[in-house]
Amino acid sequence: MNIDFSDYITDCVRVLVLIDAVEKYKAIKLTDNKIKLYDYYYKFPYTMLGDQVKEYGVELNVDEYYSFFHWQPDIIKYRQIINYLMAKGFVKSTDNGDKVYSITDTGKEALNKIENPYKARLLSLSDLIMKTVKQLSDTKINEEIRHKNNIMSRKGWEC
């Protein structure tokens with residue numbers, strides 16, 4: 001299997017930002033499933049939040065338009081990302097029936113050292129995304145993703 005390291009690193013940063021953002025919301029138990037669902041909002045903010053994200057400089061692009069082909073997440077890829085973040089000591093898990101993930105001090109330190117526009121955009125979107133997803137059940141988020149992707153697939157794409 002070939003791994004595109006630039007995408008892999010981008011995915012790791014995005015998931016680490018997500019795990020860090022959830023820490024503010026103590027009621028959210030961040031499981032494998034929630035990581036996959038919440039990450040969809042981070043990866044495709046325009047698809048999921050529409051014009052609300054324009055003020056953050058996010059607009060519809062080719063990746064967003066074709067995101068409906070992506071919906072069933074690559075479980076192996078997410079497992080690799082989480083395992084990597086845990087191996088680096090950036091993330092830890094507790095197991096009380098379901099594994100629940102949280103960021104470590106080392107993870108926060110590593111995240112603070114990353115300086116690039118992508119991370120800055122993710123951080124600026126975090127509050128909006130978390131305020132949206134914290135109110136929804138996993139089933140409702142799944143329905144929203146399917147609904148939004150169906151709408152996006154019907155929209156005319158003008159170049």
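Residues take their numbers from the sequence shown, with the count starting at 1. The structure displayed is predicted, hence computed values, not measured ones.
Put simply, CG on Leu123 and NZ on Lys119 are 5.0 Å apart, with the number rounded to the nearest 0.5 Å. In this structure, the separation between CG on Asp32 and OG on Ser93 is 9.0 Å, given to the nearest 0.5 Å. Remark: Ile103 CD1 to Glu23 CD distance equals 7.0 Å, nearest 0.5 Å. The OG1 atom of Thr106 lies 12.5 Å from the CG atom of Leu111; values are rounded to the nearest 0.5 Å. Atom CD of Glu143 is separated from atom OG1 of Thr139 by 6.5 Å, given to the nearest 0.5 angstrom. Going from atom OH of Tyr42 over to atom CG of Leu37 covers 13.5 Å, rounded to the nearest 0.5 Å.
Remark: side-chain polar atoms of Lys148 are paired, donor with acceptor, to backbone N or O of Met48 under 3.5 angstrom. With Thr104 contributing its side chain and Phe90 its backbone, the two residues share a donor-acceptor pair below 3.5 Å. Side-chain N or O atoms of Tyr8 include one that pairs as donor or acceptor with a backbone N or O of Gln80 at under 3.5 Å.
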What's the verdict on salt bridge (charged side-chain N to carboxylate O under 4.0 Å, His left out) for Lys29 and Asp98, showing C-alpha distance, side-chain angles and the deciding distance? CA-CA 9 Å; Lys29 303 298 181 210; Asp98 280 334; over 6 Å; no
Evaluate Arg14 against Asp11 for side-chain contact (heavy atoms from CB on, under 4.5 Å), listing each step before the verdict. CA-CA 5 Å; Arg14 193 178 59 249; Asp11 292 343; 2.9 Å; yes
Full working for side-chain contact (heavy atoms from CB on, under 4.5 Å) between Met130 and Lys24: CA-CA 9 Å; Met130 292 311 300; Lys24 296 177 191 173; over 6 Å; no
Run the numbers on Leu125 and Tyr41 for side-chain contact (heavy atoms from CB on, under 4.5 Å), then give the verdict. CA-CA 9 Å; Leu125 289 168; Tyr41 281 79; over 6 Å; no
Evaluate the criterion salt bridge (charged side-chain N to carboxylate O under 4.0 Å, His left out) for residue pair Lys34 and Asp138; output intermediate values, then yes/no. CA-CA 7 Å; Lys34 283 193 187 316; Asp138 291 1; 2.6 Å; yes
For the pair Thr132 and Glu144, evaluate side-chain contact (heavy atoms from CB on, under 4.5 Å) and give the outcome as yes or no after the intermediate values. CA-CA 11 Å; Thr132 302; Glu144 281 293 306; over 6 Å; no
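Under 4.0 Å is where a charged nitrogen must lie from a carboxylate oxygen, and between Lys113 and Glu109 at least one such pair does.
Between Val17 and Ser126, the closest heavy-atom pair is CG1-OG, 3.7 Å. Listed here is the closest heavy atom pair of Gly107 and Leu16: O-CD2, 4.0 Å.
In the hydrophobic clustering of this structure, Met86 does not group with Val100; members are Ile, Leu, Val, Met, Phe, Trp, Tyr whose side-chain heavy atoms approach within less than 4.5 Å, directly or through other members.
Annotation: Lys92, atom NZ; neighbour count of heavy atoms from other residues, nucleotides and ligands within 6.0 Å does not exceed 12. Residue Asp95 qualifies as enclosed at atom CG: its count of foreign heavy atoms under 6.0 Å is above 12.
If you check the side chains of Asp39 and Tyr78, you find a donor sitting under 3.5 Å from an acceptor. No side-chain donor-acceptor contact under 3.5 Å links Tyr101 and Thr94.
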